[in-house]
Amino acid sequence: MHPGISDREIIEIAQKEKLIILTFDKDYGEIIFKHQVSQPPAVVFFRFKGDNPLAAGTLLSELIDEKKLMLENTFTVIEHENIRQRKY
């Protein structure tokens, strides 16, 4: 919706509109934890691109359906064989 805006601007939009950030960009972890900016409702960072464009969305949907993720106020890292979550 807003091509070319910065990661910090995306975080601001997510805060205002109460949106979860889904990303392949590892910079969000550094911005949130190292630079201590205000946190969005949640961030899901996919460390893999998957075999096709729908792979990340399909996996996320399955994890939510199986109640394996608690997303609120959490930075989630999803890898092929591992999921890590850190509350903020």
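Throughout, residue positions are numbered sequentially from 1 according to the sequence presented. On a predicted model such as this, the values are computed, not experimentally measured, just so you know.
- Considering only heavy atoms from C-beta on, Leu69 stays 4.5 Å or farther from Val44 through its side chain.
- For the pair Arg8/Ile31, a side-chain contact is recorded, criterion being any heavy-atom separation below 4.5 Å from C-beta on.
- Under a cut-off of 6.0 angstrom, the local environment of CD in Glu66 is crowded, with over 12 non-hydrogen atoms contributed by other residues, nucleotides or ligands.
- The neighbour count for Lys16 NZ, taken as heavy atoms of other residues, nucleotides or ligands under 6.0 Å away, does not exceed 12.
- The distance between the ring centers of Phe33 and Phe75 falls below 6.0 angstrom.
- Interatomic distance, Asp27 CG to Ile10 CD1, rounded to the nearest 0.5 Å: 10.5 Å.
- Closest heavy-atom contact between Lys87 and Met70: NZ-CG, 4.4 Å.
- Between the side chain of Tyr88 and the main chain of Pro40, a donor-acceptor pair closer than 3.5 Å is present.
- The line from CG of Leu60 to OG1 of Thr76 is 8.5 Å long, rounded to the nearest 0.5 Å.
- Side chain of Ser61 to main chain of Leu59: no donor-acceptor pair is present (N/O by atom type, distance under 3.5 Å, no hydrogens or angles).
- For the atom pair CD (Gln15) and CD1 (Ile21), the distance works out to 8.0 Å, reported to the nearest 0.5 Å.
- Looking at every heavy atom in both residues, Tyr28 comes nearest to Val43 through CB-CG1, 4.2 Å.
- A distance-only check finds no donor-acceptor pair linking the side chain of Gln85 to the backbone of Leu71 [under 3.5 Å].
- Using a 4.5 Å cut-off on side-chain heavy atoms (C-beta onward), Thr23 and Asp7 make no contact.
- Looking at heavy atoms from C-beta onward, Glu79 lies in side-chain contact with Arg84 at the 4.5 angstrom threshold.
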